[in-house]
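Lettering of chains follows the sequences in order, A, B, ..., and the numbering in each one begins at 1. Worth knowing before you read on, the calculation uses all heavy atoms, side chains too, and leaves out hydrogens, waters and symmetry mates.
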Amino acid sequence: MKALIRIVFVAAVALGLSATLNARPWWLRGADTNENDFLPPDVAFQVGSRIDGNLIRVRWVIADGYYLYRKRMEVIAESPDLMLSKPSFPQGKMKTDPYLGTQEIFTQQVEGTVVFARSDFGAHPLQIKVTYQGCAEAGLCYPPITKVLLPGSGVPLPQARPHLWEGAAILGGALAFLLAGLLLRKGRRLDDTPLS
Amino acid sequence: MNDRALRVAGASLVAAVALWAGVRLFFVHPMGQSVAGIGPIPVPTDDTPIPGEGAGAEWERVGPLPQVPERLPPFTLADRAGKPRSIAEWQDKSLIINFWATWCAPCRHEIPLLQSLAAEWGGRGMQVVGIAVDHRPEVLQYADELKISYPLLIGEQDAMDVAGELGFESPVFPFTVFTDRRGEVVTLFVGELHKAQADLILSVVQNLNENQLQLPQARRSIADGLRGLAPQNRG
């Protein structure tokens with residue numbers, strides 16, 4: 001039993017440390033666990049929007065290993081009385097491809113903002129049309145996707161899931177802590193005498 | 001049961017839960033859903049296991065796969081000159097039908113390989129046909145730039161419809177359909193194709209064309225062969 005506890009303890013510490021330091025344990029480094037799968041477009045790229053004052057925020061949550069091209073992201077008015085500014089995006093990453101040149105891309109999550117004005121407020125539901133196109137690092141691309149969104153519908157913006165290894169780090173650390181406690185208590189008996 | 005046994009049982013329970021959660025975190029896809037494999041999509045045959053039953057575990061793992069037809073469906077698309085061309089024009093040949101688009105980097109990567117496959121395998125009854133799902137002017141410009149010598153068919157919604165007939169309602173690009181000389185779909189490969197993979201598939205198709213193999217054996221042989229290719233040899 002003692003040997004088993006030690007093995008589990010060491011494994012838990014290794015899991016916690018590798019997850020924290022490398023975001024991937026050593027035995028999976030260099031291997032892509034999902035290289036043989038691709039996601040449906042709406043899972044690879046989730047999009048939502050909401051009104052924030054005179055702005056419309058459009059957020060894309062991008063799955064790990066996937067990316068969107070900046071120059072293929074558009075936000076245009078769908079409601080007839082709606083006027084939108086050009087969307088503003090944060091600086092993305094530059095990706096250089098020998099056949100496609102250098103392109104600005106977004107990974108993980110990106111939020112664009114547009115200033116809006118309405119000439120006939122309330123006559124029509126506020127609708128925008130977003131277009132985006134992206135690929136998977138594994139070597140495939142999705143055709144451009146166009147969606148009509150209702151920023152005023154109250155649907156919350158999509159949220160990025162916490163990184164896979166954050167959970168593993170927490171679990172590994174908690175397990176290591178528990179087992180360390182067990183080992184340190186070995187051979188000691190609880191003293192039930194109440195404190196005075 | 002004494003305190004020590006209780007502590008060990010409690011610790012074991014916590015460890016088991018942590019291990020289960022850890023395994024879930026490791027192996028469940030980041031977004032919790034996978035659809036299909038990059039690589040060959042199985043073509044259903046009489047001995048294909050039914051999804052969700054017994055040996056169909058792999059089907060369950062990858063979820064709903066495109067329903068690839070047994071035979072290449074007939075279709076007609078415009079060529080580079082705008083003239084409608086039926087795929088039946090090449091009916092006596094084994095086809096390597098590559099679906100691509102100019103906005104797709106991995107599709108662009110494949111074109112030199114397809115050019116070399118056309119040269120290398122063209123004399124052995126194989127024909128490369130590119131299907132560009134894209135705007136015509138961009139395709140023509142890029143095809144001229146790369147001096148693409150194999151036949152190109154070009155379409156937008158009509159080409160998407162062809163992809164749909166091959167089982168892809170929401171296609172991803174590139175993908176490549178390999179048929180034998182009888183027009184049966186041998187395999188449908190999703191993602192960027194590399195030389196080692198192409199050579200493996202085409203060798204099997206050649207054996208199939210020479211009646212050294214039956215179609216189900218050929219499909220199995222391709223699937224096993226591609227799985228067996230070491231990652232460094234896929235490229």
Side-chain angles (χ1 to χ4, degrees), chain A residues 1 4-5 8 11-12 15 19 25 28 30-44 46 61 63-66 69 72 95 97-101 103 133 135-136 138-145 161 163-168 171-172 174-175 178-179 181-182 185-186 189-190, chain B residues 3-4 7-8 10-12 14-15 17-22 24-39 61-64 100-112 133-134 142 146 156 160 163 170-175 190-194 227 231 234-235:
Chain A
M1 179 58 74
L4 179 66
I5 289 178
V8 176
L15 174 66
L28 282 180
D32 186 348
T33 52
N34 291 308
E35 71 172 7
N36 290 325
D37 296 318
F38 64 87
L39 296 169
D42 289 344
V43 179
Q46 296 177 59
V61 172
D64 283 349
Y66 292 72
Y69 287 110
R72 296 192 162 268
K95 182 180 175 69
D97 182 276
Y99 290 89
L100 208 59
Q103 306 274 331
Q133 195 261 311
C135 300
L140 54 84
C141 292
Y142 295 79
I145 300 164
R161 283 167 56 117
H163 198 281
L164 194 64
W165 302 108
E166 288 171 16
L171 280 172
L175 192 54
L178 172 74
L179 289 170
L182 283 174
R185 284 179 59 91
K186 187 172 76 71
R189 296 200 60 81
L190 282 172
Chain B
D3 280 356
R4 183 176 167 76
R7 282 201 300 272
V8 170
S12 304
V14 171
V17 170
L19 188 64
W20 172 81
R24 291 273 304 166
L25 278 165
F26 275 116
F27 296 111
V28 170
H29 197 279
M31 304 302 277
Q33 188 179 359
S34 63
V35 163
I38 294 168
R61 185 184 68 77
V62 296
W100 68 288
T102 58
W103 41 258
C104 159
C107 304
R108 289 186 175 213
H109 296 177
E110 276 186 336
I111 288 176
V133 187
D134 205 342
Y142 193 66
L146 262 74
E156 293 183 34
M160 285 288 263
S170 306
V172 290
F173 298 99
F175 71 92
V190 181
E192 186 182 342
L193 185 69
H194 297 284
R227 264 197 298 272
R234 287 179 192 151

Review point. Where on B:F175 is there a heavy atom nearer than 4.5 Å to chain A: the side chain, the backbone, both, or neither?
Key: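 Contact with chain A involves no heavy atom of B:F175 at all.
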Check your understanding: At a heavy-atom separation under 4.5 Å, does B:A101 approach chain A through its side chain, its backbone, both, or neither?
Key ->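 Neither part, no heavy atoms under 4.5 Å.
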Point to revise | Heavy-atom closest contact (B:G191 atom, A:L140 atom, distance) | key: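 Where B:G191 meets A:L140 most closely, the heavy atoms are CA-CB, 4.3 Å.
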Review point. Shortest non-hydrogen contact from A:C141 to B:P106?
Key: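 Looking at all heavy atoms of both residues, the closest pair is SG-CD, 3.6 Å.
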**Study point:** Side chain, backbone, both or neither of A:Q103 within contact of chain B (heavy atoms, under 4.5 Å)
**Key:**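 Neither part, no heavy atoms under 4.5 Å.
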Exercise for review: Output all residues satisfying side-chain contact (heavy atoms from CB on, under 4.5 Å) with A:P143, sequence neighbours left out; order by chain, then residue number.
Suggested key: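 Partners of A:P143 under the side-chain contact (heavy atoms from CB on, under 4.5 Å) test: B:W103, B:M160, B:F173.
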Review point. Is A:D97 close to B:H109 at the side-chain level, that is, under 4.5 Å between some pair of heavy atoms?
Key: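 In contact.
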Review point. Can you tell me how far CG of A:L100 sits from SG of B:C104, rounded to the nearest 0.5 angstrom?
Key: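 Nearest 0.5 Å value for the SG-CG distance: 8.5 Å.
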Review point. Roughly how far apart are B:L146 CG and A:Y99 OH, rounded to 0.5 Å?
Key: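 Rounded to the nearest 0.5 Å, the CG-OH separation comes out at 7.5 Å.
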